[in-house]
2 protein chains.
Amino acid sequence: MEEQQMLALAQEVLSTPRNPRQEVQALQDTIYVVGGKWRLPIINSLCNGNKRFRDIERSIPGITTRMLSRELKEMEANQLIKRTVTPDTPVLVEYTPTDYCHSFGSIILEMIRWGKAHSEHLKKAAD
Amino acid sequence: MEEQQMLALAQEVLSTPRNPRQEVQALQDTIYVVGGKWRLPIINSLCNGNKRFRDIERSIPGITTRMLSRELKEMEANQLIKRTVTPDTPVLVEYTPTDYCHSFGSIILEMIRWGKAHSEHLKKAAD
DNA sequence: GTTACCACTATCACAGAGTATACCAGCTAT
DNA sequence: ATAGCTGGTATACTCTGTGATAGTGGTAAC
């Protein structure tokens, strides 16, 4: 990415809203799509290079096999991920994020940034 | 904000993760705090300048008085907003976002960006 | 005097998100 | 052979976030 583009992005990101109606709709759409406790952590895990069921499971504290299984199925149906089975022995199942899936990257990064800042905030407040 | 700072921000936003353990924790913390259907739309509405109960309500499609009331109360308890009562006649109640509340700005903007891009995506797919 | 706005609160009810636990078939290393 | 890995399913349960509906007390306009 070029410097110019990055500046433009930063400016757009930081600009003030223009059309509240449209923007609240966009916001609610996004909340609907990434809603729930597990979508974004799963996408994050996949984008971090985890491909196999148990690896993804282990990378997300607190998730159960049931929830992971359910979410992966739904995300495959929604074209967010691709499931590939290699029928060697032993069988290998791999989940890979699609381009569409990668489009959540900025949201996830902002949320990680916020979470880190928040924990710093709590540390300081503990003094 | 200076150009230098903005560039640094853009670079940080777009950088690849380093510490997956810490980052997944930060992500889950954030999801916990902004979880639910209404938090972010309410914060967005407040940041757009809405102060009064009915104004906020009207600015968020689908929300009920009950949910708005509940969320506002909890957000006040969590120092996200300030509630000010002016006991003139008629009584005036105003909700204003705290600095802490403003810290969600980047997340909201990214989600609005995603939502807009998503609707463009759907329009194109309709062809 | 009745309609309507403001700022809510109360009660009831429910789907479905999420949890807990157990289990399965197939493979593999010891 | 038995313990452990992989990639899941099945069953049962909780629980809470959310929705629907109604109502309150005060003010003000027509």
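Since we're looking at a predicted model, the values are computed, not measured. Letters go in sequence order (proteins before strands), and every chain restarts at 1.
Using bins of under 30°, 30° to 60° and over 60° for the plane-to-plane angle, the ring pair A:H121/B:Y100 lands in the parallel bin.
Taking atom NZ on B:K51 and atom P on C:dA7, their separation rounds to 13 Å, with Å as the unit. Residue B:F53 contributes atom CZ, which lies 19 Å from atom P of D:dG26 at whole-angstrom precision. Between B:I42 atom CD1 and C:dC8 atom P the separation is 13 Å, expressed in whole Å. The nearest whole Å value for the distance from the CZ atom in A:R52 to the P atom in D:dC5 is 13 Å. Note: CG (A:L72) to C1' (D:dT6) measures 14 Å, nearest angstrom. Rounding to whole angstrom units, CD of residue A:E71 and P of C:dG16 are separated by 14 Å. Look at NZ on A:K37: it is 18 Å from P on D:dT14, rounded to the nearest Å. Per the geometry, CD belonging to A:E94 stands 12 Å off P belonging to D:dG8, to the nearest Å.
Both B:G62 and A:V91 sit near DNA chain D, but only A:V91 has its closest nucleotide nearer the 5' end. Of the two residues near DNA chain C, B:V93 and A:E74, the one whose nearest nucleotide lies more 5' is B:V93.
Side-chain nitrogen and oxygen atoms of A:R39 include none within less than 4.0 Å of the OP1 or OP2 phosphate oxygen of C:dG18. Proximity of A:Y95 to the phosphate of D:dT6: no side-chain N or O atom is located under 4.0 Å from OP1 or OP2. B:S69 has no side-chain polar atom (N or O) that falls below the 4.0 Å cut-off from OP1 or OP2 of C:dC8.
The closest donor-acceptor contact from the side chain of B:R83 to the backbone of B:E76 lies at 3.5 Å or more, if one exists at all.
Nearest nucleotide to the side chain of A:W38, out of C:dA7, C:dT19, D:dG8: C:dT19. For B:R70, whose side chain is taken as the heavy atoms from C-beta onward, the closest listed nucleotide among C:dG18, D:dG19, D:dG17 is D:dG17. Checked against D:dT6, C:dT28, C:dC8, the side chain of A:P90 finds its nearest nucleotide in C:dT28. Considering only the side chain of B:R54, C:dA7 comes nearest among C:dA22, C:dA7, C:dT19. Among the nucleotides C:dA7, C:dT9, D:dT6, the one closest to the side chain of B:K73 is C:dT9. For B:R58, whose side chain is taken as the heavy atoms from C-beta onward, the closest listed nucleotide among C:dC6, D:dG17, D:dG19 is C:dC6. Taking only side-chain atoms of A:R66, from C-beta outward, the nucleotide of C:dG18, D:dG19, D:dG8 with the closest atom is C:dG18.
When the ring pair (Phe, Tyr, Trp, His ring centres under 6.0 Å) test is applied to A:W38, no partner is found at least two apart in sequence or on another chain.
Residue B:I81 is tested with B:I43, B:T98, B:L46 for a side-chain contact (heavy atoms from CB on, under 4.5 Å); the sole match is B:L46.
For D:dT9, its base sits under 3.5 Å from the side chain of A:T65 at one donor and acceptor pair at least.
Remark: the A:W114 side chain and the B:S103 side chain contain an N/O donor-acceptor pair separated by less than 3.5 Å. Neither side chain, A:N78 nor A:E74, offers a donor N or O lying under 3.5 Å from an acceptor on the other.
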